[in-house]
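Below is one structure; the comments refer to it alone.
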2 protein chains.
Amino acid sequence: MWLTIDLRSETAIYLQIRDQVIQGILLNELKIGESLPSVRQLAADLGINMHTVSKAYNLLKQEGFIQIHRQKGAIVNAPNSYQASEEYYEQLKKAVKPLIIESSCRGISKGYFYKICEQIYRNIGLLEKGG
Amino acid sequence: MWLTIDLRSETAIYLQIRDQVIQGILLNELKIGESLPSVRQLAADLGINMHTVSKAYNLLKQEGFIQIHRQKGAIVNAPNSYQASEEYYEQLKKAVKPLIIESSCRGISKGYFYKICEQIYRNIGLLEKGG
DNA sequence: ATAACTGTTATATATTATATATAACAGTTA
DNA sequence: TAACTGTTATATATAATATATAACAGTTAT
């Protein structure tokens, strides 16, 4: 299973699932039209409650990443369904800003911040399959 | 007062205070050795509870940004007290990574992501005084 | 000395978010 | 008919956040 969770993490379980599904889509581990495990199946695999998985799936649906069919289950959407919107740009800015402010305050230069980002991008690139 | 809070924000009040104090330090609105308002004073100004302010101050103390003296109040530390540590680098990476992953998944290129960061850095630079 | 101010501690309460536990429902598929 | 979907409902537990009072111990100004 490509999905793992950390029960001791400060990040809520349903958000960990959400983030990893998004990562799976980016890395092409989850392809367009592909089905995610059923809420019961994934919950059993991870040893958590069904409703926690359901919460993650519904969030992903609300954000456009997947569709949920009553019978077919959760299916990965095409990229146009979750293309960055103006609203998302603002949300992203609001999320990045305090990180830049604190890191700057702690003496991390712009160049070094970008270096850290480069590491992350490189790390994603290495994981990415079939470009 | 240079500090404002948004009660409807998803960000906890005590974290909003923390973030703005850090921003104040970065922008030199708060100088080394300068005192922050007392917990009671700031709470009254913001129309919130004393303990919420106290929680923010204690977090800032724990992170090295300020010192708290029983009588003198909360005093801004010198930069060496909150210089980025190896632990902080890891924390920063962990915070930035999901943002890069989601934005990439939503079709935002590395170049555009940096453009957004540039906007933020420029915005900070414009606000910065006597840098 | 007294009053006014510090941060701290303690106790109690309320709300919200997160997570779990069961159970049942309605529809599909084998 | 049996086994599987997501969904809905109800109930409970825990933790985080925020507030409300009250008191304590030490400093500072009057």
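Throughout, a chain's letter reflects where its sequence line sits, starting with A, and its residues are numbered from 1. Model, not experiment: these values are computed from the prediction.
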Check your understanding: Roughly how far apart are C105(B) SG and E63(A) CD, rounded to 0.5 Å?
Key -> 10.5 Å

Review point. Are any of the side-chain nitrogens in K94(A) or E90(A) under 4.0 Å away from the carboxylate oxygens of its partner?
Key: no

Point to revise | Lys/Arg-Asp/Glu bridge criterion (N-O < 4.0 Å) met for R18(A), E102(B) | key: yes

Could you tell me whether a side-chain N or O of [X] sits under 3.5 Å from a main-chain N or O of [Y], the two making a donor and an acceptor?
| X | Y | value |
| --- | --- | --- |
| Q16(B) | T11(B) | yes |
| N58(A) | S54(A) | yes |
| S103(B) | L99(B) | yes |

Exercise for review: Kindly determine whether Q67(A) and K61(A) satisfy side-chain hydrogen bond (donor to acceptor under 3.5 Å, both in side chains), including the steps that lead there.
Suggested key: CA-CA 6 Å; Q67(A) 269 183 301; K61(A) 172 191 170 190; over 6 Å; no

Practice item. Name the nucleic acid region contacted by Y57(A), choosing base, sugar-phosphate or nothing; use a 4.0 angstrom heavy-atom cut-off, strictly under. Key: nothing

Review point. Touch check for H69(B), heavy atoms < 4.0 angstrom, all strands: base, sugar-phosphate only, or nothing?
Key: sugar-phosphate

Study note, to complete from the structure: Its 5'-most and 3'-most nucleotides having an atom under 4.0 Å from a non-hydrogen atom of chain B, DNA chain D is contacted over dT17(D) to dT27(D)

Practice item. For DNA chain C, produce a single dot-bracket line, 5' to 3'. Pairs: Watson-Crick or G-U wobble, both distances under 3.5 Å. Symbols: ( ) within strand, [ ] crossing, | other strand, . unpaired. Key: |||||.||||||||||||||||||||||||

Check your understanding: Is the gap between the ring centers of Y121(A) and Y114(A) under 6.0 Å?
Key -> no

Practice item. Between L15(A) and K61(B), name the one whose nearest nucleotide on DNA chain C is closer to the 5' end. Key: K61(B)

Review point. Starting at the 5' end of DNA chain C, which residue's closest nucleotide do you reach first, H51(B) or R40(B)?
Key: R40(B)

